[in-house]
Amino acid sequence: MTAEIQLEITAWTEVITKLMEAGEIPGLSIAVIRNGEIFWNGLFGDKNAIKDGKTDSPVHEDTLFPAASLSKPVFAYIVLRLMDRGVIDLDKPLHEYLQYPRLENDERYKKITARMCLSHNSGLPNWGGTPLSILVNPGESFSYSGEGFMYLQAVAEKLTGQSLEQLAQQ
């Protein structure tokens with residue numbers, strides 16, 4: 001490793017540590033990818049919130065972190081690419097592409113579009129049971145909804161014949 005690269009890594013480490021402190025982030029794992037290869041990876045802090053200044057579970061290379069909603073922007077990009085290619089119309093009701101049995105008890109679901117799911121105004125809850133209930137009329141107001149993204153994912157997979165992972169890789 002050259003001295004220049006070592007300085008770059010030292011600078012990253014300092015910035016990451018400061019950002020973690022400012023954001024009260026207990027731990028993280030980060031990788032820098034260059035030319036499709038892991039160039040550098042860093043392990044910082046504790047995988048659990050630090051209590052009483054003690055760290056008993058440091059981040060390791062195999063530590064799993066929940067990604068939660070961090071994938072939503074990636075998925076939104078995939079859907080917009082599909083729209084660019086003419087595969088999906090953001091304003092066409094999703095039920096015209098794919099029925100959603102969990103919502104068949106509420107005809108309002110036939111108004112839900114990809115645009116509504118992407119902007120969290122589908123009327124669907126974040127997560128719901130079976131049968132699923134619509135909270136408000138689709139398109140009327142913002143209501144964060146992972147459920148809407150799951151429906152849209154099922155539509156994208158049906159339209160392309162590919163899994164979400166395949167679409168993301170593509």
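Keep in mind it's a predicted model, so treat the numbers as computed, not measured.
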Engineer: Could you give all pairs that pass the salt bridge (charged side-chain N to carboxylate O under 4.0 Å, His left out) test and reach residues 74-86, with sequence neighbours left out?
Structural biologist: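 Residue pairs passing salt bridge (charged side-chain N to carboxylate O under 4.0 Å, His left out), neighbours aside: none found.
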Engineer: Sequence neighbours excluded, which residues qualify as side chain to side chain donor-acceptor pair (under 3.5 Å) partners of Glu107?
Structural biologist: Lys110
Engineer: Which ring-ring contact (aromatic ring centres under 6.0 Å, His included) pairs, counting each pair once, include a residue from residues 7-30, with sequence neighbours left out?
Structural biologist: Trp12-Trp40
Engineer: With rounding to the nearest 0.5 Å, note down the distance linking CD1 in Ile78 to CG in Leu167.
Structural biologist: 5.5 Å
Engineer: Can you see which heavy atom on Ala114 is nearest to which on Asp89, and at what distance?
Structural biologist: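 Taking every non-hydrogen atom into account, CB-O, 4.5 Å.
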Engineer: Give a yes or no answer on whether the side chain of Asp46 reaches the backbone of Ser57 with a donor-acceptor pair at less than 3.5 Å.
Structural biologist: yes
Engineer: Answer yes or no: is there a side-chain heavy-atom contact under 4.5 Å between Tyr109 and Leu94?
Structural biologist: no
Engineer: Just how far is it from atom CD of Glu140 to atom NZ of Lys111, taken to the nearest 0.5 Å?
Structural biologist: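 If we round to the nearest 0.5 Å, Glu140:CD and Lys111:NZ are 8.0 Å apart.
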Engineer: Indicate, with yes or no, if Val136 and Ile134 share a hydrophobic cluster defined by side-chain heavy-atom contacts under 4.5 Å among Ile, Leu, Val, Met, Phe, Trp and Tyr.
Structural biologist: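 No, no single cluster joins them.
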Engineer: Does anything in residues 21-36 form a side-chain hydrogen bond (donor to acceptor under 3.5 Å, both in side chains)? List the pairs, not counting sequence neighbours.
Structural biologist: Glu8-Arg34
Engineer: Report, one line per pair, each donor and acceptor closer than 3.5 Å where one atom sits in a side chain of residues 142-162; sequence neighbours left out.
Structural biologist:
residue : atom : partner : partner atom : Å
Tyr144  : OH   : Ser69   : OG           : 2.4
Tyr144  : OH   : Lys72   : NZ           : 3.4
Ser145  : OG   : Leu124  : O            : 3.4
Ser145  : OG   : Pro125  : O            : 2.8
Ser145  : OG   : Glu147  : N            : 3.4
Ser145  : OG   : Gly148  : N            : 2.8
Glu147  : OE1  : Arg102  : NH1          : 3.4
Glu147  : OE1  : Gly128  : N            : 3.3
Glu147  : OE2  : Tyr100  : OH           : 2.8
Glu147  : OE2  : Arg102  : NH1          : 2.5
Tyr151  : OH   : His95   : N            : 3.2
Tyr151  : OH   : Leu98   : O            : 2.8
Gln153  : NE2  : Glu157  : OE2          : 3.1
Glu157  : OE2  : Leu164  : N            : 2.9
Lys158  : NZ   : Tyr97   : O            : 2.9
Thr160  : OG1  : Ala156  : O            : 2.8
Thr160  : OG1  : Gln162  : N            : 3.2

Engineer: Would you check if Thr10 and Glu14 make a side-chain contact, meaning some heavy-atom pair closer than 4.5 Å?
Structural biologist: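 Yes, close enough: below the 4.5 Å cut-off.
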Engineer: Are side-chain heavy atoms of Ser122 and Cys117 found at a separation under 4.5 Å?
Structural biologist: yes
Engineer: Check side chain to side chain donor-acceptor pair (under 3.5 Å) between Arg108 and all other residues, then give those that pass, not counting sequence neighbours.
Structural biologist: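 If we apply the side chain to side chain donor-acceptor pair (under 3.5 Å) test to Arg108, skipping adjacent residues, the hits are Asp106, Asn137.
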Engineer: Please report the interatomic distance CG(Leu43) to CG(Asp62), rounded to the nearest 0.5 Å.
Structural biologist: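 Leu43 atom CG to Asp62 atom CG measures 9.5 Å (nearest 0.5 Å).
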Engineer: Are Ile16 and Ile25 connected in the hydrophobic side-chain network, where two residues link if heavy atoms are under 4.5 Å apart?
Structural biologist: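 Yes: a chain of side-chain contacts under 4.5 Å links Ile16 to Ile25.
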Engineer: Determine whether a donor-acceptor pair (N or O, by modelled atom type, separation under 3.5 Å) exists between the side chain of Ser71 and the backbone of Val74.
Structural biologist: no
Engineer: In the single-linkage hydrophobic clustering (I, L, V, M, F, W, Y; side-chain heavy atoms under 4.5 Å), do Leu135 and Met116 co-cluster?
Structural biologist: no
Engineer: What I'd like to find out is whether the side chain of Leu28 reaches to under 4.5 Å of the side chain of Met20, using heavy atoms alone.
Structural biologist: yes
Engineer: So how far is it from Asn105 CG to Ser133 OG, rounded to the nearest 0.5 Å?
Structural biologist: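 It comes to 6.5 Å.
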Engineer: Tell me whether Val32 is reachable from Ile30 by hopping between hydrophobic residues (I, L, V, M, F, W, Y) whose side-chain heavy atoms are closer than 4.5 Å.
Structural biologist: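 Yes, because Ile30 and Val32 connect within a single hydrophobic cluster, where side-chain heavy atoms sit under 4.5 Å apart.
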Engineer: What pairs with Asp91 under salt bridge (Lys or Arg N to Asp or Glu O under 4.0 Å), at least two apart in sequence or on another chain?
Structural biologist: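 So Asp91 forms a salt bridge (Lys or Arg N to Asp or Glu O under 4.0 Å) with Arg115.
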Engineer: If you apply the rule side-chain contact (heavy atoms from CB on, under 4.5 Å), what do you find for Leu90 with Leu80, and how did you get there?
Structural biologist: CA-CA 8 Å; Leu90 295 183; Leu80 294 176; 3.9 Å; yes
Engineer: Report the hydrophobic cluster partners of Val15, with the cluster defined as I, L, V, M, F, W, Y residues connected by side-chain heavy atoms closer than 4.5 angstrom, directly or transitively.
Structural biologist: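 Joined to Val15, directly or through intermediates: Leu19.
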Engineer: Say whether, by atom type as modelled, one donor and one acceptor occur between the side chain of Gln169 and the main chain of Gln166 under 3.5 angstrom.
Structural biologist: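 No, the answer is negative, given that no donor and acceptor are paired below the 3.5 Å cut-off.
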Engineer: Show which residues join Ile33 in its hydrophobic cluster (side-chain heavy-atom contacts under 4.5 Å, direct or indirect), or state none.
Structural biologist: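 Other cluster members: Ile38.
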